[in-house]
*Asks:* 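The structure's right below; bear with me while I get my questions together.
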Amino acid sequence: MRNRIILLTCVVMIVVLSVSTSSQTKAQKVEINKLIGIYSAKTITALNKNRERFKYKSENKNVFWADINDDGEFDAIAEIFFCERTSCHPTTNSSEVVVFLNKKGKFTLGGSKGFSLFGKIHSVENGKIKVDVYDLDENDPQCCPELKRHETYSFKSNRLLKVKN
């Protein structure tokens, strides 16, 4: 009987916690999507200036939630993919990993790292962002980058710093 009461108490606590954090997460998602949109627009403007004959667009985004700066708050780590508007293929891709820090419920830009073809977040664990970085190997055709390396980044002093794997 005692085990059932403990189990029931645990289940109730899990339900209460999930309900109380889900509304906060919804508000956080709205704010992060707005910030990603602003960041993407600035990046697209820069890409369009640097590559005069191409015009870029934001192709996709993913958000990972983790405490990247060890302050007890869940921060947002976004990967944003960009591609040439009329001829999107692997050699016109680029991506950025962007950290948005959570300071008492408000998010601010923390830092970013860009990748020339693209980097894809593999995982975010223990304050480390593990990224699969794709590039062209010497024997790869221009269409199809197959060289994949793994890089790990930590967030220090508002910068993403590459660390040894």
Side-chain angles (χ1 to χ4, degrees), residues 25-103 105-165:
T25 303
K26 204 179 272 190
Q28 289 175 338
K29 287 180 181 179
V30 168
E31 184 177 355
I32 286 302
N33 282 329
K34 180 180 174 185
L35 291 172
I36 289 172
I38 293 167
Y39 186 90
S40 294
K42 289 179 182 178
T43 302
I44 289 168
T45 299
L47 285 169
N48 289 342
K49 282 182 184 177
N50 290 335
R51 300 176 182 165
E52 293 175 17
R53 63 176 202 233
F54 295 121
K55 296 298 178 201
Y56 282 78
K57 65 180 178 176
S58 176
E59 185 70 12
N60 196 7
K61 69 179 182 325
N62 296 307
V63 178
F64 297 79
W65 299 91
D67 183 8
I68 200 71
N69 60 350
D70 202 28
D71 66 352
E73 302 272 359
F74 277 96
D75 307 300
I77 300 93
E79 58 183 4
I80 309 169
F81 300 93
F82 302 94
C83 200
E84 202 275 321
R85 200 176 277 280
T86 59
S87 181
C88 183
H89 53 81
T91 59
T92 63
N93 281 334
S94 67
S95 72
E96 294 212 20
V97 172
V98 186
V99 173
F100 295 98
L101 297 173
N102 183 353
K103 295 181 183 178
K106 288 290 184 182
F107 289 90
T108 59
L109 177 63
S112 65
K113 169 68 177 141
F115 300 95
S116 61
L117 283 184
F118 65 97
K120 175 119 180 76
I121 295 176
H122 177 74
S123 65
V124 180
E125 298 171 354
N126 302 321
K128 303 277 190 274
I129 303 168
K130 297 183 181 200
V131 180
D132 294 333
V133 180
Y134 294 85
D135 210 344
L136 288 168
D137 200 0
E138 61 185 48
N139 296 323
D140 289 348
Q142 286 293 317
C143 70
C144 311
E146 291 187 16
L147 180 64
K148 178 170 115 175
R149 66 184 185 279
H150 306 285
E151 295 180 357
T152 302
Y153 293 86
S154 65
F155 184 77
K156 302 276 189 234
S157 303
N158 283 342
R159 292 179 38 200
L160 283 171
L161 301 173
K162 189 175 174 182
V163 296
K164 292 183 179 181
N165 290 333

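Values in this document were obtained by computation on a predicted structure and should not be read as measured data.
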*Asks:* Please report the closest heavy-atom contact between Ser58 and Ile80, naming both atoms and the distance.
*Replies:* OG-CG2, 3.9 Å

*Asks:* Are Phe115 and Val97 packed together at the side-chain level, in the sense that at least one heavy-atom pair is separated by less than 4.5 angstrom?
*Replies:* yes

*Asks:* Using 30° and 60° as the class boundaries, would you call the ring planes of Phe118 and Tyr134 parallel, tilted or perpendicular?
*Replies:* parallel

*Asks:* Name each donor-acceptor pair under 3.5 Å that joins a side chain in residues 126-133 to protein atoms two or more places apart or in another chain, with its distance.
*Replies:*
| unit_1 | atom_1 | unit_2 | atom_2 | d |
| --- | --- | --- | --- | --- |
| Asp132 | OD1 | His150 | ND1 | 2.7 |

*Asks:* Decide yes or no on side chain to side chain contact (heavy atoms under 4.5 Å, CB included) for Phe82 and Ser40, but give the supporting numbers first.
*Replies:* CA-CA 8 Å; Phe82 302 94; Ser40 294; 4.1 Å; yes

*Asks:* On a heavy-atom basis, which atom in Ser154 and which in Val163 lie closest, and how many Å separate them?
*Replies:* OG-CG1, 3.5 Å

*Asks:* So, do Ile77 and Ile68 sit near enough that their side-chain heavy atoms are less than 4.5 Å apart?
*Replies:* yes

*Asks:* What pair of heavy atoms forms the shortest contact from Phe100 to Asp75, and how long is it?
*Replies:* O-CB, 3.4 Å

*Asks:* Under the side chain to side chain contact (heavy atoms under 4.5 Å, CB included) test, which residues partner Ser112, sequence neighbours left out?
*Replies:* Tyr39, Glu96, Val98

*Asks:* Can you name the salt bridge (Lys or Arg N to Asp or Glu O under 4.0 Å) partners of Lys103, sequence neighbours left out?
*Replies:* none

*Asks:* Under the rule for salt bridge (Lys or Arg N to Asp or Glu O under 4.0 Å), what residues qualify as partners of Glu79, not counting sequence neighbours?
*Replies:* Lys120

*Asks:* Check whether any side-chain heavy atom of Lys106 lies under 4.5 Å from a side-chain heavy atom of Glu31, and answer yes or no.
*Replies:* yes

*Asks:* For residues 106-136, pull every pair meeting disulfide (SG to SG under 2.5 Å), keeping only residues two or more places apart or in separate chains.
*Replies:* none

*Asks:* Could you grab the distance from atom CZ of Phe64 to atom CD of Glu125, nearest 0.5 Å is fine?
*Replies:* 11.0 Å

*Asks:* Can you tell me how far CG of Asn69 sits from CG of Asn158, rounded to the nearest 0.5 angstrom?
*Replies:* 9.0 Å

*Asks:* Ile36 and Ala78: which non-hydrogen atoms are nearest, and at how many Å?
*Replies:* CD1-CB, 3.7 Å

*Asks:* Go through the steps to decide whether Leu35 and Leu109 satisfy the test side chain to side chain contact (heavy atoms under 4.5 Å, CB included), and finish with yes or no.
*Replies:* CA-CA 8 Å; Leu35 291 172; Leu109 177 63; over 6 Å; no

*Asks:* State the OG1-CZ distance between Thr92 and Arg85, to the nearest 0.5 angstrom.
*Replies:* 12.0 Å

*Asks:* Using 0.5 Å steps for rounding, measure from the OG atom of Ser95 to the CG atom of Asn60.
*Replies:* 11.0 Å

*Asks:* Ala76 and Trp65: which non-hydrogen atoms are nearest, and at how many Å?
*Replies:* CB-CZ3, 3.8 Å

*Asks:* Of all the heavy-atom pairs spanning Ile44 and Tyr56, show the shortest one and how long it is.
*Replies:* CG2-O, 3.4 Å

*Asks:* Under 3.5 Å, is there a donor-acceptor pair between the side chain of Asp67 and the main chain of Asp71?
*Replies:* yes

*Asks:* Who pairs with Lys156 by salt bridge (Lys or Arg N to Asp or Glu O under 4.0 Å), at least two apart in sequence or on another chain?
*Replies:* none

*Asks:* I want to check something: taking the side chain as every heavy atom from C-beta on, are Asn33 and Lys61 in contact at a cut-off of under 4.5 Å?
*Replies:* yes

*Asks:* First locate atom CG of Asp135, then atom NZ of Lys148, and finally report the distance between them rounded to the nearest 0.5 Å.
*Replies:* 14.0 Å

*Asks:* Quick check on Phe107: does its CZ atom have over 12 non-hydrogen neighbours (other residues, nucleotides or ligands) under 6.0 Å away?
*Replies:* yes

